[in-house]
Peer 1: 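Here it is, the structure, as structure tokens.
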Amino acid sequence: MSIAEAARLILEGGLVAFPTETVYGLGGDATNERAVAAIFEAKGRPQFNPLISHVLGPDEAKRLVRWNDTADRLAARFWPGPLTLVLPRAKESPVALLATAGLDTVAVRAPAHPLAQALIRAVGRPLAAPSANRSGAVSPTRAEHVVQSLGDRVRMILDGGPCQVGLESTVLDLTTAPPTLLRPGGATREAIEAVIGPIAVSDAIPSGDSARKSPGQLASHYAPQRPVRLNASTVAADEGLLAFGPDVPSGARLTLNLSPAGDLGEAAANLFAMLRALDQPPIGRIAVMPIPPTGLGLAINDRLRRAAADDGTGRQR
Ligand code: AMP
Ligand code: MG
């Protein structure tokens, strides 16, 4: 087991599982769209949910997000530890759009586990790291669990022994006033309020004992302002075309191809940047070619269906 080797794999775009104080994480370079696409592919998750960028502390976080005094006070009290802060994306933030599922906010956390810290330090970049299991399987608390669930989908597993059985990190949105608790976890509401005063609790968190929500449902989704038309085989002159594969209809005002070669990993990596680029004047509507519903195509189609279901006012349903 070598941290230097693990860091080299991550800088190449590979995935390495590593222990945190909560569960084993499936780590990749949070600044590399292809590496983040590979995380979703390895997990087999049929949706893109925003991932947490793991950093060493406030100094690194400040390069990714617009930091503020509240974040400073919370980090002084809870970092390193199980508190994730959602903040506005910094102007020059290097975090991949896929890692934030296209949102204008970035979730940052400094984990306490020494191996996680050593890996982040060696990579010198933030690590995107959801739990290291296939979608729907339980979160892994031992290296063997990662092997069972992900097998050869990870390049390396840093074995830190069993995780202290802990809660997930608390997710706190600092972009609202007052801040909003998006997910309960290891840092309690009371402890947070002792530092920054009263906070709100997201409507999406049910009270009572079903308080654990599946990740992704809590964050609102990115939706283009323009109407989105799916399964397009022809295009109109006022449309922007989000193409896929080699055979592309002509006539669109602007065409951007998710992957001319038909590679779903490349398509996932390009998805949010291209949607944003098409959601501009003078384009009136976004037409999307069919994307095969296999592998990463499931999550790509999920996101596009939600964009198409939106009423075009930017409001989300
Ligand atoms: P996990 O990686 O499994 O610990 O889950 C990450 C959690 O953080 C999920 O509940 C996400 O919805 C939430 N999250 C991550 N980034 C954001 C964001 N930018 N805005 C809101 N919630 C986020
Ligand atoms: Mg999980």
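Both counts, for ligands and for their atoms, begin at 1 and track the order of listing.
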Peer 1: Provide the number and element of each atom of ligand 1 under 4.0 Å from a heavy atom of Arg183.
Peer 2: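 Within the 4.0 Å cut-off of Arg183, ligand 1 contributes 1 (P), 3 (O), 4 (O), 5 (O), 6 (C), 7 (C), 10 (O).
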Peer 1: Going by the order shown, which atoms of ligand 1 are within less than 4.0 Å of some heavy atom of Val171?
Peer 2: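 Here the atoms of ligand 1 in question are 8 (O).
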Peer 1: Identify which of Gly25, Pro82, Ala107 has a heavy atom lying nearest to atom 16 (N) of ligand 1.
Peer 2: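 When every heavy atom of Gly25, Pro82, Ala107 is considered, Ala107 comes closest to atom 16 (N) of ligand 1.
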Peer 1: State whether the number of non-hydrogen atoms from other residues, nucleotides or ligands found under 6.0 Å of Arg63 atom CZ is greater than 12.
Peer 2: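 Atom CZ in Arg63 is not crowded, with 12 or fewer foreign heavy atoms closer than 6.0 Å.
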Peer 1: Can you sort out which atoms of ligand 1 are near Leu182, meaning under 4.0 Å from one of its heavy atoms?
Peer 2: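 Here the atoms of ligand 1 in question are 21 (C), 22 (N).
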Peer 1: Is the closest basic N to carboxylate O distance between Arg109 and Glu21 below 4.0 Å?
Peer 2: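 Glu21 and Arg109: salt-bridged.
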Peer 1: Do any N/O atoms on Thr105 end up under 3.5 angstrom from N/O atoms on ligand 1?
Peer 2: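 Thr105 vs ligand 1: N/O contact under 3.5 Å present.
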Peer 1: Under a 4.0 Å N-O cut-off, is there an ion pair linking Asp104 with Arg276?
Peer 2: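 Salt bridge present between Asp104 and Arg276.
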Peer 1: Does a side-chain N-to-carboxylate-O contact under 4.0 Å join Arg226 and Asp238?
Peer 2: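 Not counted as a salt bridge, because no side-chain N and carboxylate O are separated by less than 4.0 Å.
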Peer 1: Side chains of Ser169 and Arg183: any donor to acceptor distance under 3.5 Å?
Peer 2: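 Yes, Ser169 and Arg183 have a side-chain donor paired with an acceptor closer than 3.5 Å.
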Peer 1: Going by distance only, is there an N or O of Glu168 that falls short of 3.5 Å from an N or O of ligand 1?
Peer 2: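 No, Glu168 has no N/O under 3.5 Å of an N/O on ligand 1.
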Peer 1: Quick one: which residue pairs count as a ring-ring contact (aromatic ring centres under 6.0 Å, His included) with a foot in residues 71-104, not counting sequence neighbours?
Peer 2: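 Sorted result for residues 71-104: Trp67-Trp79.
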Peer 1: Could you name the option among Val86, Ile52, Val108 that has the heavy atom nearest to atom 6 (C) of ligand 1?
Peer 2: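 Result: the heavy atom closest to atom 6 (C) of ligand 1 is in Ile52.
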Peer 1: Answer with side chain, backbone, both or neither: which part of Asn49 has a heavy atom less than 4.0 angstrom from an atom of ligand 1?
Peer 2: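 No part of Asn49 comes within reach of ligand 1.
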